[in-house]
Amino acid sequence: MAPALLGSDRMQESGSAKGRLVCVGLGMMLGAHLGPRARHAIETADVVFVVASDALVEAWVRELRPDVRSLQVFYGCGKSRRDTYREMVGALLSEVRAGHRVCGAFYGHPGVFARVAHDAIADARAEGFEALMDAAVSAEDCLYADMGIDPGRVGCQHYEANQLVFYRRRVDPSAFLVLWQAGVVGDRTLARFETGPAHRQLLVDRLLELYDAAHPVVLYEAATLPIQTPRMETVALGALASADIRMHTTLVIAPAAPLVPDEAMFERLAAIEASLPLPSTSS
Amino acid sequence: MSNVVSLIARLAVSMDPIDDRAIGALTGMSDDVREALLARDVDRLRTLAGATANVACLVFTPDENDEPMPDRVPDEDDPTDSESRAA
């Protein structure tokens, strides 16, 4: 049976030459997470751009599409990432404006900590082009599987690490706390790819308002190749500033406080239940 | 060597442990690729795949137009406002 036509095929059949943008995710691990929709988009687009987490991943995408264009060229030493990302968006949009069906392939999920895809889609739509994002496997998804965390159990808070340094956020220590991009915490230049212990100490100081210095912090890194294992290294919060934290290291902090039952809410729920008829046991 | 990433992708779809036996069972690779896989030498694999570009990660970066949300001011007239009641 022939596979159902996806949007790009339908557009081609209708003869429309209007540009279109699809942003897809490669997932985190080379070859393991690419979904059929994303693969189809990569294989059938007129122009494919890629940002991968590893040069090997980019080489793998190049096997799918030898003419893929890497967005890595827009990075530069000491160059503001704002400029880099603006240029990446510009590259995607210029091909859409030229009437091409464009695919942006991003590692992980195209819309998680990946502002380029969001901005490109918003700009394309604002100019009247069709643009969409397809969900994919992100580092967060890998984290849950590798670390055995179910966010439904006690809850899970996610912050870009700078959110805790730059702003007064309210963290609930009875839930998991996951901090992303700790490797660049404290960077306001937007031109560094790592900061150091002095910057990290500011984050540690903030966390010490909520957690003991001995509280464990897991340094997590998803595996991007099947021959690798995920990094899950535990350090005490007090030693975090001098730990080996890389650009792609995520901090996972287990709850430090028990859940506190809300007795008043339980009483109100009991009153509601008492006023309702008992559920029927027969179907 | 172009088949390096294809070999890795073949390993990636297995739910079995990627041990030396699984790597040894792969066919169609040169001795140097096999050695690099068995040694889990990712740098060597990158070289063999011709994938030596300096790849940077996307780092979420706020837009210059992004401003922090203003501190929330409790509504003194709203009896349901918990911050107002706490004050």
Side-chain angles (χ1 to χ4, degrees), chain A residues 27 29-34 51-64 70-77 80-82 84-86 88 106-108 112-117 119 160 162-163 166-168 180-181 183-184 187 190 192-193 223-229 246-248, chain B residues 1-24 26 29 33-72 82-83 85-86:
Chain A
M29 183 184 288
L30 187 160
H33 299 154
L34 184 68
V51 181
S53 56
D54 188 297
L56 278 169
V57 176
E58 190 168 306
W60 169 61
V61 176
R62 201 169 294 284
E63 290 215 337
L64 299 175
S70 174
L71 290 171
Q72 290 288 330
V73 294
F74 295 111
Y75 284 109
C77 218
S80 169
R81 286 188 292 275
R82 276 189 186 140
T84 295
Y85 298 155
R86 200 176 289 122
M88 288 181 177
F106 301 81
Y107 70 92
V112 177
F113 288 84
R115 140 159 244 151
V116 172
D119 286 354
E160 199 273 345
N162 277 322
Q163 290 275 316
F166 296 162
Y167 310 115
R168 300 295 312 192
W180 300 89
Q181 303 186 172
V184 288
D187 174 44
L190 308 180
R192 294 191 185 100
F193 287 101
T224 57
L225 301 175
I227 56 171
Q228 296 172 322
T229 53
R246 305 157 196 163
M247 192 162 63
H248 52 290
Chain B
M1 185 173 216
S2 63
N3 75 343
V4 173
V5 290
S6 299
L7 289 163
I8 295 172
R10 278 163 58 190
L11 286 170
V13 297
S14 171
M15 291 299 287
D16 296 325
I18 309 299
D19 53 18
D20 290 358
R21 192 173 154 192
I23 294 170
L26 286 175
M29 61 181 150
V33 172
R34 184 184 301 276
E35 285 170 13
L37 282 171
L38 287 169
R40 275 68 169 171
D41 187 341
V42 177
D43 287 336
R44 177 81 179 131
L45 288 168
R46 288 193 187 104
T47 302
L48 290 167
T52 53
N54 183 23
V55 175
C57 293
L58 284 174
V59 177
F60 180 84
T61 300
D63 189 82
E64 56 218 342
N65 298 320
D66 284 354
E67 294 293 338
M69 293 294 287
D71 291 338
R72 185 171 176 280
S82 60
E83 288 189 18
R85 280 186 283 116

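Remember, predicted model here, so these are calculated numbers, not experimental data. Heavy-atom basis, side chains included; hydrogens, waters and symmetry copies ignored. By convention in this document, chain letters (A, B, ...) are assigned in the order of the sequence lines, proteins followed by strands, and residues within each chain are numbered from 1.
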Q. Listed by chain and number, what are the side-chain contact (heavy atoms from CB on, under 4.5 Å) partners of A:Ala59, not counting sequence neighbours?
A. B:Val5, B:Ala51
Q: Under the side-chain contact (heavy atoms from CB on, under 4.5 Å) rule, collect the residues that match up with A:Thr224, sequence neighbours excluded.
A: A:Ser53, A:Asp54, A:Gln228
Q: Could you tell me which residues in residues 10-23 of chain B have at least one non-hydrogen atom under 4.5 Å from a non-hydrogen atom of chain A, sorted by residue number?
A: B:Leu11, B:Ala12, B:Val13, B:Ile18, B:Ile23
Q. What distance do A:Leu56 atom CG and B:Leu45 atom CG have between them, rounded to the nearest 0.5 Å?
A. 6.5 Å
**Q.** All side-chain contact (heavy atoms from CB on, under 4.5 Å) counterparts of A:Thr229, not counting sequence neighbours
**A.** none
